[in-house]
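This report refers to the structure that appears directly beneath it.
Every chain is numbered from 1, with letters handed out A, B, ... down the list of sequences. The structure presented is a predicted model; accordingly, all values stated were derived computationally and were not measured. The analysis underlying the following values was restricted to heavy atoms, covering all of them including side chains, and did not include hydrogens, waters or symmetry mates.
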2 protein chains.
Amino acid sequence: MKPLFHPSIDDISVESILHALSDPVRVAIFTQITASQCSATCSAFQNIVEQPVPKSTLSQHFKVLRESGLIRSERKGVEMHNVSRCSEIEARFPGLLASIVNAYTVQSRQGEKRRKARTRRSR
Amino acid sequence: MKPLFHPSIDDISVESILHALSDPVRVAIFTQITASQCSATCSAFQNIVEQPVPKSTLSQHFKVLRESGLIRSERKGVEMHNVSRCSEIEARFPGLLASIVNAYTVQSRQGEKRRKARTRRSR
DNA sequence: TCAATAGTTCATGTTTTCGGAACTTTTGGA
DNA sequence: TCCAAAAGTTCCGAAAACATGAACTATTGA
């Protein structure tokens with residue numbers, strides 16, 4: 001199996017971080033990996049959103065996250081262990097990831113509210 | 001001419017902001033519009049990067065920025081005047097735009113340094 | 001009324017993304 | 001040792017997104 005490519009911290013670009021995090025599945029994965037203390041396998045995320053994500057697609061998403069520098073993946077036996085590189089990135093681009101994750105939190109909280117309001121109105 | 005669509009502040013999504021700003025031409029445009037006090041026309045950006053951007057492409061870029069909610073465009077006579085919506089967005093997603101713009105600044109500063117170092121070495 | 005200017009739209013070729021099917025690696029039995 | 005199962009990756013064809021030249025539209029100033 002080919003060794004996995006990870007960019008060195010200085011080669012991580014803002015473009016690729018923003019691109020990687022502009023996809024709902026990928027932010028969901030990244031947020032969860034960042035939040036969890038231990039490392040996470042890929043297949044743990046098959047049901048990260050409403051409809052299940054096919055594993056080939058999931059594999060691509062992990063590749064994008066890895067090559068943009070957001071996560072570090074390591075093969076452990078038959079499975080893959082993924083950890084967040086957020087502290088490295090924080091050192092180079094202070095505040096970036098925190099404000100993005102925060103913005104998504106704000107957004108989903110408001111989405112929540114709207115959904116509830118709609119439900120109330122339709123009763 | 002069709003009226004231009006602008007999302008209301010509550011309909012602006014983080015996904016679309018990140019996607020819009022994951023393109024070098026678009027960040028360059030957005031940064032400049034945000035920095036300038038007065039409004040800017042589209043054609044002012046034909047030479048925003050090394051190779052000149054064709055105007056059809058430029059038009060698409062402005063559409064992306066507009067529909068993601070990052071700028072507001074208004075027709076004034078024959079030309080288009082564009083202003084940044086960053087203060088609105090700041091209210092909804094605090095710190096987001098600032099940290100993105102800052103990250104790009106950090107990156108281009110480091111790109112500068114590297115280029116210079118390469119030049120020094122090759123003399 | 002017309003030419004010039006600023007942008008948009010359309011058509012087309014190119015690139016990216018998605019996802020099913022087949023493939024590779026590793027491991028835990030029989 | 002050999003095989004089957006599990007976890008991912010790779011390959012490939014279809015669909016979507018992008019880029020850009022050419023044609024088009026709207027507005028203004030002569």
Side-chain angles (χ1 to χ4, degrees), chain A residues 1-6 13 15-30 32-33 38-68 70-83, chain B residues 1-6 13 15-30 32-33 38-68 70-83:
Chain A
M1 195 133 285
K2 246 175 258 177
L4 299 170
F5 173 73
H6 292 93
S13 77
E15 284 92 330
S16 54
I17 290 182
L18 298 191
H19 172 251
L21 296 181
S22 69
D23 179 276
V25 174
R26 287 193 297 257
V27 226
I29 293 173
F30 176 71
Q32 201 154 315
I33 289 180
C38 58
S39 65
T41 65
C42 297
S43 56
F45 296 95
Q46 308 223 49
N47 294 299
I48 191 91
V49 285
E50 305 71 51
Q51 37 260 28
V53 185
K55 62 181 190 165
S56 60
T57 305
L58 214 49
S59 179
Q60 295 304 322
H61 283 318
F62 273 93
K63 189 180 181 191
V64 171
L65 288 171
R66 188 165 55 239
E67 302 197 339
S68 71
L70 285 164
I71 64 171
R72 199 176 284 283
S73 312
E74 196 182 345
R75 175 141 209 164
K76 288 249 180 72
V78 77
E79 54 193 23
M80 203 76 139
H81 285 217
N82 302 285
V83 295
Chain B
M1 196 135 281
K2 247 175 256 178
L4 300 169
F5 172 73
H6 292 93
S13 77
E15 285 92 329
S16 55
I17 289 181
L18 298 191
H19 171 251
L21 296 181
S22 69
D23 178 276
V25 174
R26 286 192 297 256
V27 226
I29 294 173
F30 176 71
Q32 201 155 315
I33 288 180
C38 56
S39 65
T41 66
C42 297
S43 55
F45 296 96
Q46 307 223 49
N47 295 300
I48 190 92
V49 286
E50 304 71 51
Q51 37 260 30
V53 185
K55 62 179 188 163
S56 57
T57 305
L58 214 48
S59 178
Q60 295 305 323
H61 283 320
F62 272 92
K63 189 180 182 190
V64 171
L65 288 171
R66 189 164 54 239
E67 302 197 339
S68 71
L70 285 163
I71 64 172
R72 199 177 284 283
S73 312
E74 194 183 346
R75 175 138 209 167
K76 287 248 179 74
V78 77
E79 55 192 21
M80 204 75 138
H81 285 217
N82 302 284
V83 294

ask   = Where each residue is assigned the nucleotide of DNA chain C containing its nearest heavy atom, which of A:Lys76 and A:His19 is assigned the position nearer the 5′ end?
value = A:His19

query = Can you list the residues that meet the side-chain contact (heavy atoms from CB on, under 4.5 Å) rule with B:Glu74, with sequence neighbours excluded?
reply = B:Lys76

task = Check each residue of residues 49-57 of chain B for a non-hydrogen atom within less than 4.0 Å of any atom in DNA chain D, then write out the ones that pass by number, or none.
result = B:Pro54, B:Ser56, B:Thr57

note = In short, side chain to side chain donor-acceptor pair (under 3.5 Å) pairs touching residues 46-62 of chain B with sequence neighbours left out are B:Arg26-B:His61

Separation of D:dT10 P from A:Leu58 CG (nearest whole Å) = 14 Å

Nearest non-hydrogen partners of B:Thr41 and B:Phe62, listed with the distance = O-CZ, 4.5 Å

key: Interatomic distance where CZ belongs to A:Phe62 and P belongs to D:dT9 [whole Å]   = 9 Å

note = Comparing nearest nucleotides in DNA chain C, the 5'-proximal residue of the pair A:Arg26, A:Gly77 is A:Arg26

request  = Just jot down the side-chain hydrogen bond (donor to acceptor under 3.5 Å, both in side chains) partners of A:Ser39, sequence neighbours excluded, or say none.
outcome  = A:His81

remark   = Of A:Val78 and A:Lys63, the one whose nearest nucleotide on DNA chain D sits closer to the 5' end is A:Val78

message = Please enumerate all residues that pass side-chain hydrogen bond (donor to acceptor under 3.5 Å, both in side chains) together with B:Glu67, with sequence neighbours excluded.
response = none

task = When you get a sec, tell me which of D:dT9, C:dT5, C:dT8 is the closest nucleotide to the side chain of B:Met80?
result = C:dT8

query = Can you list the steps and then say if A:Ser73 with A:Lys63 is a side-chain contact (heavy atoms from CB on, under 4.5 Å)?
reply = CA-CA 9 Å; A:Ser73 312; A:Lys63 189 180 181 191; over 6 Å; no

Nucleotide nearest A:Arg66 (side chain, heavy atoms from C-beta), chosen from D:dA6, D:dT9, C:dC18 = D:dT9

query = For B:Glu79 and D:dA26, what is the distance between atoms CD and P respectively, to the nearest whole Å?
reply = 18 Å

query = Given atom CD of A:Gln60 and atom P of D:dC11, what is their separation to the nearest angstrom?
reply = 11 Å

request  = Using atom CZ of A:Arg75 as one end and atom P of D:dA7 as the other, report the distance to the nearest whole Å.
outcome  = 11 Å

note = B:Asp23 atom CG is separated from C:dT15 atom C1', nearest whole Å, by 14 Å

request  = Specify the angle, to 10°, made by the local axes at the two ends of the helix from C:dT1-D:dA30 to C:dA30-D:dT1 when five pairs are taken at each end.
outcome  = 0°

inquiry  = Can you measure B:Glu74 atom CD to C:dT8 atom C1' for me and round it to whole angstrom units?
reply    = 18 Å

key: Residues in side-chain contact (heavy atoms from CB on, under 4.5 Å) contact with B:Ala40, at least two apart in sequence or another chain   = B:Ile33, B:Phe45

inquiry  = Taking any heavy-atom pair under 4.0 Å as a contact, classify A:His61: base, sugar-phosphate, or nothing.
reply    = sugar-phosphate

Nearest-angstrom distance from the residue atom CG of A:Asn82 to P of D:dA7 = 14 Å

request  = Measure from the side-chain heavy atoms of A:Thr41 and tell me the nearest of C:dT8, D:dG8, D:dT9.
outcome  = D:dG8

key: Phosphate-side-chain proximity, B:Ser43 and C:dT5, N/O vs OP1/OP2 below 4.0 Å   = no

key: Where B:Ser68 and B:Ala20 come nearest, the two heavy atoms and their spacing   = OG-CB, 3.7 Å

ask   = For A:Arg66, what residues pass the salt bridge (charged side-chain N to carboxylate O under 4.0 Å, His left out) criterion, not counting sequence neighbours?
value = none

query = Of all heavy-atom pairs between B:Leu58 and B:Cys42, which one has the smallest distance, and what is that distance?
reply = CD2-O, 3.5 Å

